[in-house]
Number of protein chains: 2
Amino acid sequence: MENQDVKQEVTDKYSLRGRVFHRIREDILNGKYKDHEELKEVAIGQELGVSRTPVREAFRQLELEGLIQIIPNRGAYVTGIKVKDIQDIYMIRSKLEGLCARWACEHITKEQLEEMEENIYLAEFHAARGHMEQMAELDNRFHNILYESCNSKMLEHLLKDYHQYVWRVRQQTLSSSRGAVSNVEHKFIMEAIKENNPDKAEELANQHMINAYENMLDKGLLELYEQ
Amino acid sequence: MENQDVKQEVTDKYSLRGRVFHRIREDILNGKYKDHEELKEVAIGQELGVSRTPVREAFRQLELEGLIQIIPNRGAYVTGIKVKDIQDIYMIRSKLEGLCARWACEHITKEQLEEMEENIYLAEFHAARGHMEQMAELDNRFHNILYESCNSKMLEHLLKDYHQYVWRVRQQTLSSSRGAVSNVEHKFIMEAIKENNPDKAEELANQHMINAYENMLDKGLLELYEQ
DNA sequence: GATAGTATGATTGTATACAATTATACGAGT
DNA sequence: ACTCGTATAATTGTATACAATCATACTATC
């Protein structure tokens with residue numbers, strides 16, 4: 001099954017459709033294409049140097065991810081990131097990361113635990129020096145390890161999706177002072193998993209998300225996405 | 001935004017792609033296409049009387065839903081329903097239906113509450129007479145009302161997806177004696193929402209899913225999907 | 001007989017051509 | 001001036017043609 005992801009990456013890298021899909025996805029998430037903007041097949045095809053076919057296939061996928069809305073015989077329109085959606089995702093993730101941490105207690109491998117410890121150790125180093133970019137990357141990686149350690153492809157896939165979705169906001173959040181605090185929370189979560197305490201791990205992961213969310217609110221970071 | 005769903009239905013009904021998508025989806029979920037079976041574009045196109053283009057677009061969507069796996073330049077292979085996936089989904093849904101019920105306390109409309117009451121009342125009637133088909137439909141509808149009442153398009157969409165995914169299993173479960181019990185649980189959930197008690201509503205919805213899951217295990221209904 | 005290499009056929013990936021639908025502009029009628 | 005209808009342009013929906021890739025079978029070589 002890990003195979004599938006590898007294959008997927010290969011697809012995305014070498015097929016035009018995959019490249020178009022990821023490119024448009026990025027452009028929407030990064031704000032190049034604004035809310036309600038119309039995406040035209042030929043225009044995007046020309047911009048990327050491909051025909052309409054791979055563009056259309058990419059559109060179908062983007063629609064299923066909720067990033068665009070396709071109206072039959074009319075066109076594809078960007079569905080921008082809504083503040084409400086981000087809020088909802090944080091609450092949903094709160095529950096699911098809790099579940100993920102709970103399952104991780106039983107299924108995490110020695111290698112994954114070691115990588116977590118290394119991750120946290122490294123993050124302490126970079127936090128002390130204010131290396132924001134590295135912090136963001138390490139945070140990213142910590143959560144991905146957690147997702148992979150729960151032994152559920154379903155949950156892993158779901159959480160990775162949401163994680164991606166709020167990536168931009170998250171990066172800004174971590175660029176604030178929360179980086180160090182967040183890392184300490186990671187440490188507690190890891191320790192709970194290590195001592196195989198599912199209730200504690202769940203509760204901590206739960207709270208970790210809520211803290212991140214409230215920090216975001218406090219800092220007014222969501223206003224960037226106000227409509 | 002409710003508009004979007006309507007538009008989507010129109011697409012699915014009138015576009016070839018939408019029809020192909022739903023048809024293949026059904027066929028996979030209903031077991032016509034077995035696990036690991038290869039789906040060939042031309043064959044399916046001929047069977048449905050369309051060209052490869054709409055079939056390919058449908059494939060891309062099915063891949064994103066995880067129902068098929070596309071290996072570049074090789075083909076599309078059915079990813080059958082795994083027992084593990086169903087188990088995971090029930091646990092994920094347990095958490096999310098809880099969250100949904102919690103949010104419903106604040107956001108449910110008078111109309112939705114009335115439809116819920118009617119639903120439960122009707123279900124009592126059919127449960128007493130052993131009308132399994134109606135019970136399944138009413139259960140379906142109850143959960144959909146709940147999803148729609150939480151005021152979160154994100155959560156609603158997610159829960160509806162999962163609900164669909166385990167539809168077959170669920171129907172079998174309800175065809176057993178649990179129908180009446182399940183309806184009583186619905187009643188309690190509704191009452192908790194009605195009296196605006198989020199903690200209680202969440203806990204009850206939570207447990208409702210776990211009960212459904214354990215009933216499924218007890219009855220050995222998952223063995224139908226054993227690989 | 002086993003294996004490596006090659007040729008052939010099947011299948012997918014992409015581009016393009018044509019059909020259907022929708023939006024826009026223009027003009028006639030009031 | 002306004003509205004309705006029609007013509008035209010733009011855009012998407014679908015089908016098909018061609019290119020690239022992969023699987024299979026056959027043959028030559030050891």
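These numbers come from the heavy atoms of this one structure, side chains and all, not from hydrogens, waters or symmetry mates. Per chain, numbering begins at 1; letters A, B, ... match sequence-line order.
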Under-4.0 Å salt bridge between [X] and [Y]:
X	Y	answer
B:D88	B:K82	no
A:K32	A:E47	yes
A:E148	A:K160	yes

What is the distance from [atom1] of [X] to [atom2] of [N], rounded to the nearest Å?
X	N	atom1	atom2	value
B:L48	D:dT14	CG	P	13 Å
B:I70	C:dG13	CD1	P	7 Å
B:F59	C:dT11	CZ	C1'	12 Å
B:E41	D:dA15	CD	C1'	13 Å
A:R19	C:dT14	CZ	C1'	12 Å
B:Y77	C:dT12	OH	C1'	11 Å
B:R56	C:dT11	CZ	P	14 Å
B:E38	D:dC22	CD	P	14 Å

| A:R60 side-chain N/O to D:dT12 phosphate OP1/OP2 under 4.0 Å | no

| At under 4.0 Å, does any side-chain N or O of B:R52 touch on OP1 or OP2 of D:dT16? | no

| Considering only side-chain heavy atoms of A:R17, which listed nucleotide, C:dT12, D:dA15, C:dT14, is closest? | C:dT14

| message | Do A:M91 and B:W103 make a side-chain contact, defined as non-hydrogen atoms from C-beta onward lying under 4.5 Å apart? | response | yes

| task | Would you mind telling me which residue lines up with the more 5' stretch of DNA chain C, A:N73 or B:T53, judged by nearest nucleotide? | result | B:T53

| Checking only heavy atoms, does the side chain of A:R74 share a donor-acceptor pair with the base of D:dG13 at less than 3.5 Å? | no

